[in-house]
Each structure stands twice: as structure tokens, then as C-alpha cells.
Amino acid sequence: MSERTTDTAEPIDGAGRVDSVDSATEAFVAHRNLLFTVAYEMLGSAADAEDVLQETWLRWVRVDLGTVREERAFLVRIVTRQALDRLRALGRRKEAYVGPWLPEPLLTAPDVAEDIELADSVSMAMLLVLETLGPVERAVFVLREVFDLDYDEIAEAVDRSPAAVRQIAHRARAHVAARRPRGTASPAETRAVLQAFQRAVETGDLQGLLDVLAPDVVALADGGGVKHALLRPIVGADKVARLLAIRWWKRDAERSVEPVQVNGGPGLLVRVNGEIDGVLAVRVENGTVTGLYHVRNPEKLSRVERETAVSR
């Protein structure tokens with residue numbers, strides 16, 4: 001059970017202020033990666049997650065730490081409330097978004113893939129599933145299923161009763177289970193599939209693509225109305241293979257790709273004339289590519305030049 005102190009406590013006066021700020025800073029830095037991950041999984045946007053962290057810090061530094069029994073829980077509560085406010089605003093922004101919307105991709109460290117639950121929770125496929133939940137349902141699912149908070153802590157974060165949170169969690173869990181990808185792939189299998197996929201893309205090998213793509217593979221793209229992108233999902237190995245072998249690769253003579261870790265899974269960083277043009281997150285299940293998520297919107301590519309730390 002977390003403390004009952006609100007996240008809008010009065011500021012501390014007097015000589016203890018400097019020590020309090022130092023202590024607040026130490027605690028915030030210690031939990032920063034966790035807080036970013038909570039915000040990112042709720043929002044699907046690294047830029048908005050960073051804004052939420054800034055808002056969280058401004059509230060946290062005003063709290064009397066003597067009233068806080070558990071710093072992690074208190075910080076998660078603040079970041080969740082700020083993310084919920086931002087998520088509701090994002091919903092209105094997405095309604096006016098030009099073209100299909102995909103989450104902002106993150107370049108992640110290899111060790112993220114070793115934490116299967118964390119990697120799955122930040123994957124492009126899962127973030128798209130979370131987009132189908134309402135704001136409170138999304139917050140409850142993330143806090144319970146990914147970060148294993150107890151129902152009382154979640155109730156305080158989303159301003160609901162513990163009983164209501166249990167019901168929301170049950171509904172959200174069933175909703176996600178019906179939509180989440182179900183296949184699995186070992187690290188070795190994932191590497192082999194990505195290598196085969198990369199070779200086929202680079203050489204325009206239609207048969208090679210057909211061999212590595214699942215029959216019901218889905219390709220999605222996000223150009224944000226700035227860059228050329230697919231206007232709707234492309235479904236089926238034949239259509240996706242032809243898109244990649246004929247239309248996608250041949251359009252730019254100086255296009256190149258390199259393997260990277262994207263959102264805890266395999267991906268390709270795409271360059272045109274040496275400049276980053278996009279990132280292609282690849283979903284691998286049961287030895288084949290089942291999903292391709294191509295992000296070209298320049299506003300969403302700031303996190304693919306350096307690794308972003310995520311944690312639970």
C-alpha cells in the first residue's frame with residue numbers, strides 16, 4: 001500500500017530546502033528509466049514521455065519527502081497521472097494525424113530483448129494493441145501487467161477504487177489477450193530470420209522475401225504527411241514481397257539498411273544517401289516475419305540514433 005500524501009504537497013521552506021532538492025534529485029534519477037518506460041508505454045511517444053517526466057519532476061521536487069513512505073510508488077503515481085492527462089490530449093491530436101499513426105520507435109540495448117516481458121511490452125505490436133484501450137484501461141494494464149503494482153497503488157494513481165481497478169484490469173487483460181501476437185521466436189531464430197529478410201530486401205529477391213514472410217504478414221507505415229508512406233495496411237506475403245522487392249527498394253538507388261534493436265526486437269535502420277530515412281521494426285514469430293512497422297515521419301526518428309534506456 002502506498003502513502004496517502006498527495007502529489008501536490010506544499011513546498012518546503014527554510015534551510016532544509018537544498019538537502020531536500022538533493023534527495024529528490026537522487027531519487028528521481030534512480031527511477032528515471034522506469035518512469036520513462038511507464039510514460040512511453042502509456043503514450044507511445046518518447047517526446048511526450050519526456051514532457052511528462054519534466055512535469056513529474058516539477059511536482060516531485062515540491063513534495064515533502066518526509067511524508068513519502070515509498071518513493072518509487074509515489075513517483076509512479078505522479079507520472080501516471082501526468083501521462084493520463086497527456087494521453088487524453090493525444091487522442092484529439094491523433095484524430096487530426098495525417099495518414100496511419102505508429103508509435104515512436106526507440107533504439108534499445110540488446111539486453112532489453114533478454115527481458116521477454118519488457119521487450120514484449122514496448123514492442124511496436126503491443127503498443128498498437130494498447131492503442132485500442134481507453135486511457136484508464138491502458139494505465140491499469142501497464143501498471144499491473146508490466147510493472148506488477150498492486151491494486152491499491154494503481155487505484156491511487158488512476159483515482160479509482162481498488163475494486164474498480166480489479167474489474168478494469170480484468171477487462172483490459174481480456175481485450176489485450178484477444179489481440180496480442182501469440183507466436184514466439186528464440187534469439188537465434190530471430191537473428192536468422194532478420195538476416196534472411198535483410199538479404200532479400202537488399203537484393204530485391206522476391207522469392208527470398210516470400211520464403212521469410214508469413215502468409216498473413218501485415219505491413220504498416222507512418223510518414224506523418226511529410227514523407228511518402230502506405231495509406232493503409234498491406235496484408236499478405238505476395239503483396240508485401242512485391243512492395244519490398246520492386247517498389248520500396250528500387251525507388252532510391254542510394255538506400256541502405258543496417259540491423260538494429262528497435263523497441264526490444266529486431267529492426268532495420270534505413271538510410272538514403274547516408275542520412276536516416278526511417279526505421280523498420282520487424283515482428284518475428286515461429287520462424288517467419290509476421291509484422292513490418294515502417295516509420296518515416298522525421299518527428300519520430302530522434303530516438304533511433306542513440307540507445308534509449310527502458311526498464312521495469
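Numbering of residues begins at 1 and proceeds along the displayed sequence.
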Taking every non-hydrogen atom, the tightest pair across Pro103 and Tyr40
CB-OH, 4.4 Å

Heavy-atom distance under 4.5 Å between the side chains of Phe197 and Val284, does that happen here?
no

Are Phe147 and Val76 packed together at the side-chain level, in the sense that at least one heavy-atom pair is separated by less than 4.5 angstrom?
no

Does a salt bridge link Asp148 with Arg312, judged by any charged N lying under 4.0 Å from a carboxylate O?
no

Gap between atom CG of Leu210 and atom CG of Leu206 - 0.5 Å precision
4.5 Å

Identify whether NZ of Lys or CZ of Arg in Arg283 sits under 6.0 Å from the centre of the six-membered ring of Tyr293 and within 45° of that ring's axis.
no

Any donor-acceptor pair under 3.5 Å linking the side chain of Arg296 with the backbone of His228?
yes

For residues Ala237 and Leu213, report the shortest heavy-atom separation together with the two atoms involved.
O-CD1, 3.8 Å

Shortest non-hydrogen contact between Ile276 and Leu269, atoms and distance:
CG2-CD1, 4.1 Å

Shortest non-hydrogen contact between Leu53 and Ala39, atoms and distance:
CD1-CB, 4.3 Å

Could you tell me whether Arg303 and Glu104 make a salt bridge, using a distance below 4.0 angstrom between a side-chain N and a carboxylate O?
no

Answer yes or no: is there an ion pair linking Arg81 with Asp85, defined by an N-O contact shorter than 4.0 Å?
no

Determine, using the 4.5 Å side-chain heavy-atom cutoff (strictly less than), whether Val218 and Val193 are members of one ILVMFWY cluster.
no

Between Pro135 and Leu84 the two heavy atoms that sit nearest each other are O-CD2, 3.4 Å

Tell me which one of Leu143, Val140, Leu149 satisfies side chain to side chain contact (heavy atoms under 4.5 Å, CB included) with Thr80.
Leu143

Could Arg138 and Glu131 be called an ion pair, given the rule that one side-chain N must be under 4.0 Å from one carboxylate O?
yes

With the 4.5 Å side-chain cut-off for hydrophobic clustering, are Val122 and Trp101 part of the same group?
no

With distance as the sole criterion, is a donor-acceptor pair present between the side chains of Arg179 and His175 under 3.5 Å?
yes

Is Met124 linked to Leu133 within one hydrophobic cluster, defined over Ile, Leu, Val, Met, Phe, Trp and Tyr using a side-chain heavy-atom separation of less than 4.5 Å?
no

Which residue in the set Glu153, Glu70, Glu71, Glu156 passes salt bridge (charged side-chain N to carboxylate O under 4.0 Å, His left out) when paired with Arg77?
Glu156

Linking I/L/V/M/F/W/Y whenever any side-chain heavy atoms sit under 4.5 Å apart, do Val295 and Leu128 land together?
yes

Can you find a heavy atom in the side chain of Ile168 that is under 4.5 Å from one in the side chain of Phe141?
no

Single-linkage hydrophobic cluster Val279~Leu106, side-chain heavy atoms < 4.5 angstrom:
no

Looking at side-chain heavy atoms only, is the closest gap between Phe28 and Val61 below 4.5 Å?
no

A quick test of your reading: do over 12 heavy atoms of other residues, nucleotides or ligands sit less than 6.0 Å from CZ of Arg173?
yes

